[in-house]
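What follows is a set of notes on a single structure, which appears directly below.
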Protein chains: 2
Amino acid sequence: MTTIYDVARQAGVSVATVSRVLNGEAHVAPETRQKVLHVVQQLGYRRNGLARGLATRATRLLAFLVPDISNPYFPEVARGVEDAANAAGYHVILCNTDDRARKEQEYLEALLDRRIDGAVIIPVAEGSRVPKLLKGTGLPAVLLDRDIDPELDTVMADNVAGARQAMRHLLGLGHRRIAAITGPTRSSTARERLEGYRQALAEHEIPFDPDLVVEGDFRRPSGYQGMLRLLDLPQPPTAVFAANDMMALGALHAAEERGVRVPEDLAVVGFDDIALAEATRPKLTTVAQPKYEMGRLGVELLLQRIPEGGRRGQGRRPQRLVLESRLVVRQSSLIVRSQLAPEPVPAANGKGV
Amino acid sequence: MTTIYDVARQAGVSVATVSRVLNGEAHVAPETRQKVLHVVQQLGYRRNGLARGLATRATRLLAFLVPDISNPYFPEVARGVEDAANAAGYHVILCNTDDRARKEQEYLEALLDRRIDGAVIIPVAEGSRVPKLLKGTGLPAVLLDRDIDPELDTVMADNVAGARQAMRHLLGLGHRRIAAITGPTRSSTARERLEGYRQALAEHEIPFDPDLVVEGDFRRPSGYQGMLRLLDLPQPPTAVFAANDMMALGALHAAEERGVRVPEDLAVVGFDDIALAEATRPKLTTVAQPKYEMGRLGVELLLQRIPEGGRRGQGRRPQRLVLESRLVVRQSSLIVRSQLAPEPVPAANGKGV
DNA sequence: GGTTTATGACGACCATTTATGATGTGGCCC
DNA sequence: GGGCCACATCATAAATGGTCGTCATAAACC
């Protein structure tokens, strides 16, 4: 590999001058600059990021940890993260933690060793050691989507309100037996969406029925399994609220297999609004999250915590950003008697279907 | 940040000894080892990967460049890459090139600057500058899925044979007007699958009809658009072969919207066998690729090219691995008169549906 | 007494950045 | 015209945090 010394020698200048040219600093005569650039080109020189990082104490590298890249929800967030990071001159390392605390920790340690400048993290649902690691090392970081530590910057969607909206929609259609397929209860996201479910039932003075709630893991097969169990109930639900779209897809699949028509026999509502929600057989009614925005904002917050010159937001208090989510009504929940109202809907009388 | 010197001082040993302990070398007394490890723990010391990489000339970091993470095909390959890399003590940086040559080049340059040890690359379909960059820099690399340069290690599926299998299946069912939704013709994968399509037609002495071939971009919307165009033909096809599953999903969507029943009025076959293929309304018949295996083998080949001690496979000739693909028959192609035969099927007489 | 083992001390090296200081040039003032 | 100063331009050398090899030393073992 050619080094900065090779370039300096070839160009007849000192390494300091080459460095100045490469870093776009002032105080270099135009001819010298040209000469250096020409040699750089000619030798195909690329500066060594390791040595650079060592000297500058910055790598211009961020990490984005996600629990499951095969869930299309995350790539959309990732795009927001990437665009914002690139715009600020950073690159992003994407790491898949498989929703396992062990893997999450290993990755974070490897990244720490490599001296990344910061991390955006969607923590694993259960037993994340991220808060401890972050506090121990002082690595600038922002958490996304899941709320696991009040002392860390966090960007999330308004899950309670989103779930409530979805439920009010179903309730407004006249449904009274509404099931829920939740995420793992260790996940704050899952808990909040369940809370929205309960609140909406309470508003309508419908008793909470534990039999109508099954726990999934945010993956499609668990939605499928959960729906089968719900359909096997002596008195099956007329509507189901799934805590994310992938599980809603699984639920649609189960219904179809059992010959249960959606939305005629069963209304289905999801959460996230992934691109596929528009591609299902009856298009999926779902609660849309500002995914791209969430990624973008996460990086914005993160950059404020990275010194870079005048240690600005260093001691800033932890921020919590809660982004609005909004219901997107499609075909999987049929509108029968009342139109969807954005605000609480008075309880309808009969059953919707 | 604490350095190795801090540890050495605190433990009352030399930096050499600390280094020996950390690198698991022999010739360290158990008590000394314990003492050092204890201080490391206590100080929360993490060695500096930058300094380390600089000294050892290795980062134990690989990159995996993919054109589109939102296509579920790629995460499955990624898992194979990641598992194989981790098993060998490497970490993987995942980069999304958006199928744009510009972004691909920028990423590769940034990775080169950071002195990654090697790269697994699914090159962009059009105008990739990867071969030139690789040859210029000597970075160990393996190409996946797309065949763009005979001088570089490449792992791919047998696209021609896969497409032929899919077509023979449709032909065996009696279909004679079979359309194709191809990928971008600049992509070798797309060209090869189209070649399989043509070969199978030729076997059955069916003339190639350009009107029945539309070009997509491997994304779902293009499959949707393409299918609409095919259905608008004066004499629409009775079957369609999509060059990947995402476009097949789009095709299913278009058919459903036009009231065309699948498989009764239209048989649909895809390519890839992504997880979603089992979750569509009529389950999708498709050609399965060994995705995980492709990723795993790519890394295996790559590791052979990374010196690490005794520059083994350095001058080895470029390898080409072609993995078998196999047809998975599901509901979207109805089997009517003949069962699927694994080998060439004699042309049937009547029409299948 | 010779060999093996555990460790320290030392220094070269990895490829940069950057503070500091040297050099040269020109302008300005007297 | 000479001396002085400011300033642009560039070189030198010291970090940055490790690895690794050589050599020395001391103790233990045979």
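Letters go in sequence order (proteins before strands), and every chain restarts at 1. Keep in mind that this is a model prediction, so the values were computed, not measured.
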- Measure from the side chain of A:Arg20, starting at C-beta and using heavy atoms only, and say which of D:dT19, C:dT7, D:dA11 lies closest. D:dA11

- Task: Tell me which of B:Leu54 and B:Glu31 sits closer to the 5' end of DNA chain C, going by the nucleotide each one is nearest to.
- Result: B:Glu31

- A:Arg33 CZ to D:dC10 P, in whole Å, measures 10 Å

- Query: To the nearest Å, how far apart are A:Asp113 CG and D:dG18 P?
  - Reply: 10 Å

- Remember a base hit wins even if backbone is also touched, and classify B:Val13 as base, sugar-phosphate or nothing at under 4.0 Å, heavy atoms. sugar-phosphate

- Once you round it to whole Å, what is the distance between P of C:dA15 and CZ of B:Arg115? 8 Å

- Message: Without decimals, in angstroms, what is the distance between B:Leu22 CG and D:dG18 P?
- Response: 9 Å

- Task: Consider the side chain of B:Ala55, meaning its heavy atoms from C-beta on, and name the nucleotide among D:dG18, C:dT7, D:dC10 that approaches it most closely.
- Result: D:dG18

- Would you tell me if any nitrogen or oxygen in the side chain of A:Thr56 comes within less than 4.0 Å of OP1 or OP2 on D:dT16? no

- Scan A:Ser19 against the nucleic acid and name what it touches under 4.0 Å (heavy atoms): base, sugar-phosphate only, or nothing. base

- State which of C:dT17, C:dG8, D:dC10 makes the closest approach to the side chain of B:Ser14. C:dG8

- Distance in angstrom units between B:Leu50 CG and D:dT16 P, rounded: 14 Å

- Task: Pick base, sugar-phosphate or nothing for A:Ala16, based on heavy-atom distances below 4.0 Å to the nucleic acid.
- Result: base

- Query: B:Asn48 CG to D:dG17 C1': how many Å, rounded?
  - Reply: 6 Å

- Note on the structure: Checking C:dT16, D:dG18, C:dT7 against the side chain of A:Ala51 (C-beta onward), the nearest is C:dT16

- Message: Less than 3.5 Å apart, any donor N or O on the side chain of A:Asn96 or A:Tyr107 sitting next to an acceptor on the other?
- Response: no

- Message: Looking only at side-chain N and O atoms, does A:Glu109 offer a donor or acceptor that is under 3.5 Å from a partner on A:Gln105?
- Response: yes

- Query: Can you list the steps and then say if B:Arg52 with A:Asp113 is a salt bridge (Lys or Arg N to Asp or Glu O under 4.0 Å)?
  - Reply: CA-CA 10 Å; B:Arg52 236 175 140 234; A:Asp113 283 0; over 6 Å; no

- Query: DNA chain D: B:Thr3 or A:Gly12, which has the more 5' nearest nucleotide?
  - Reply: A:Gly12

- Return yes if some donor-acceptor pair links the side-chain N/O of A:Asp98 with the main-chain N/O of A:Arg100 below 3.5 Å, else return no. no

- Task: For A:Arg57 and C:dA15, give me the distance from atom CZ to atom C1', rounded to whole Å.
- Result: 16 Å

- Item | Residue whose closest nucleotide on DNA chain D lies nearer the 5' end, A:Tyr5 versus A:Thr32 | A:Thr32

- Going by atom types only, do A:Ser70 and B:Glu76 share a side-chain donor-acceptor pair under 3.5 Å? no

- Query: Between atom CZ in A:Arg114 and atom C1' in D:dG17, what is the gap in whole Å?
  - Reply: 16 Å

- Does the side chain of B:Arg52 get closer than 4.0 angstrom to OP1 or OP2 of D:dT19 through an N or O atom? yes

